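Below is one structure, written out as structure tokens, with a few remarks after it.
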Amino acid sequence: MPAADPVARLAAELSDAVGAAVELERPSDPAHGDYATNAALRLAPQRRQAPRELAEEIAAAAAAVPAVERAEIAGPGFVNLWLTDAWLADALGAIIEQGRDFGAGEPARRERIQVEMVSANPTGPITVASARNGAYGDSVARLLEYAGHQVEREYYYNDSGAQMGKFRASVEARRQGEEPPDDGYRGAYVDELAASDEDPVPRMLEQIERTLDRFRVHFDSWALQSRLEGRLGEFLPRLDTYEKDGAVWARSSKYGDDADRVLIRSPAQGGGPTYRAADVVYLADKLERGFDRAIYVLGADHHGTRNWYTAVARMLDYDPERIEVLLYQLVHLTSGGQQRKMSKRRGDVVFLEEFMDEVGVDAARWYLVNRGPDQTIEIDVDLAAERSQKNPVYYVQYAHARIAGILRNASRQSGDAQLPGQPLEAEERELIKRLLEFPVVAAEATERRGPQAVPVYAIRVADDFHRFYHEHRVLGSDAEAFRLALVRATQNVIARSLDLVGVEAPERM
RNA sequence: GCGCCUGUAGCUCAGCGGAAGAGCGACGGCCUUCUAAGCCGUUGGUCGGAGGUUCGAAUCCUCCCAGGCGCACCA
């Protein structure tokens, strides 16, 4: 929103002055000004004009805008802009005014969105692999909320399939003092469950919810496969199906899936509904509950089901655009130089509880969302624990805590973005410009479903802050009021950035 | 064989149409001053390879090479 984003407002002002769309970007080289625009290069073809010549005109028009101190042409037709201190001070004032909401979105259409995530079957504790699902999905959910949408988080689990049977059988075997079946589950947690006579499934679910709460992933609702598959009859007539080999098949290949899929097993295979049958009901159920958009967060090992979901949507005559499948690559853990296999059934696995114990909740969230979803994550568990002091998450948190320290010691309660009676220092200008990037960072991270951009940005903010802090005093300086405002705005942006990825912003460290 | 993902500095990775980056590692500096979990400097790259599109490609397209994950009447 231009009104809330000073850079967008400036771009609009420049567009008016120039008579064409001007987009601003921050050049990587400080010698190229505070902002730069490639408008001349974009416009040259359609105006049939030499880019440099057009750049001359744009630079002249831009120079007439009060915020612009100087405009220069560079390279093939870039226009580099230097802005006045007054504009930067105004911009800081706008950030302060918006407080913790700086960078929040106001969507043209507010959507009601469901993010279904984790959804691990309750056959064991949450693993680090599932934790990535939660860290990623929850951060996307937080971003969507910050962008102004209404978001609900749901956990879906299979309480009726073959894996559940194997799980219960494994626990029962331990109760009898026997080894679990070959294709069953084993590990210390199975023995623990066997020590009690209760049904292990509800106990496992409670444990999963507790673990995820600690991980700061909180669910609004839980969906059970057993309740959904019973309603298959309602939807079967709406599907394109046929019978073959005694089974009922969905003609999904006709709707974009790679193959047809069995919905109801042949009598020879037991005759019950497959998990895909429950998928059909669940998808329809989501959309009929009124969600404009249903987001599935799935590990890369499930990527084959992406086309299946859109095929189901088409068969049921829903707009497939309402279904969104987000995939993330897997997590590999190494320990003592050895790769650890992530197999729940073998019990040879790193659980999230264990991981949080070792590296802390903040570092755990950070590690699992700090990389793009398409990137396989390699984590050396020993190193992650051992090096926790060097983790970038502490670097960012430290900036927040340092600011809290300044504000604790300050005699006045609030800063004032009025220009001090001296030119802005280079570190002040850099920090303000960095803060001004936040609305775009948040918006793009949301749009691309790429929350990793937020922690990456937070490091840059901390970077600019620590440099400023090292060079200039806040309290007792001639620019104290201005710097208090700057520092408070920085604290807000850091706190918000951390919150968007589920990391806490400490007052002291 | 087919599909999805990946290949950027020694290592782990950002960047995904505009002027090659960070952290860690290595080496060398900076604490009577609001938290040194900090700051500064040095070291480091045919952005997997070959074509193509473009004024401009790490970024888009095609092919090739290498790796990961899938391709059930399991979830």
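Each chain gets a letter, A, B and so on, in the order its sequence line appears, and its residues count up from 1. Just so it is clear, the model here is predicted, and its values are computed rather than measured.
- In the interface, the side chain of His302(A) is paired with the base of A75(B) through a donor and an acceptor atom under 3.5 Å apart.
- A cation-pi contact links Arg276(A) to Trp308(A), judged by a cut-off of 6.0 Å to the six-membered ring centre and 45° from its axis.
- At least one side-chain nitrogen or oxygen of Tyr395(A) sits closer than 4.0 Å to the OP1 or OP2 atom of C39(B).
- Distances from the side chain of Leu330(A) to the nucleotides G18(B), G38(B), C69(B) place C69(B) closest.
- In this structure, CD of Glu25(A) is placed 6 Å from P of A19(B), rounded to the nearest angstrom.
- Between the side chain of Thr274(A) and the base of C73(B), no donor-acceptor pair under 3.5 Å is found.
- Using modelled atom types and a 3.5 Å distance limit, the side chains of Glu116(A) and Ser119(A) yield a donor-acceptor pair.
- You'll find that the side chain of Gln329(A) is closest to C5(B), out of C74(B), C5(B), C69(B).
- Applying the 4.0 Å criterion to OP1 and OP2 of G18(B), one finds that Arg42(A) has every side-chain N and O outside that range.
- Within the 4.0 Å cut-off from OP1 or OP2 of A37(B), not a single side-chain nitrogen or oxygen of Arg402(A) is found.
- Nearest nucleotide to the side chain of Met509(A), out of A75(B), C13(B), A37(B): A37(B).
- Taking 3.5 Å as the limit, the base of A19(B) and the side chain of Asn38(A) contain no donor-acceptor pair of atoms between them.
- Distance check on atom C1': C11(B) versus G25(B) gives 7 Å, rounded to whole Å.
- In this structure, of A19(B), C13(B), C39(B), it is C13(B) that holds the atom nearest to the side chain of Arg371(A).
- For the C1' atom pair drawn from G41(B) and U46(B), the interatomic distance equals 28 Å after rounding to whole Å.
- Rounded to a whole angstrom, the distance from the C1' atom of A22(B) to that of C47(B) is 15 Å.
- Look at the C1' atom in both C60(B) and C16(B): the space between them is 10 Å, to the nearest Å.
- In this structure, Arg448(A) atom CZ and G15(B) atom C1' are separated by 9 Å, rounded to whole Å.
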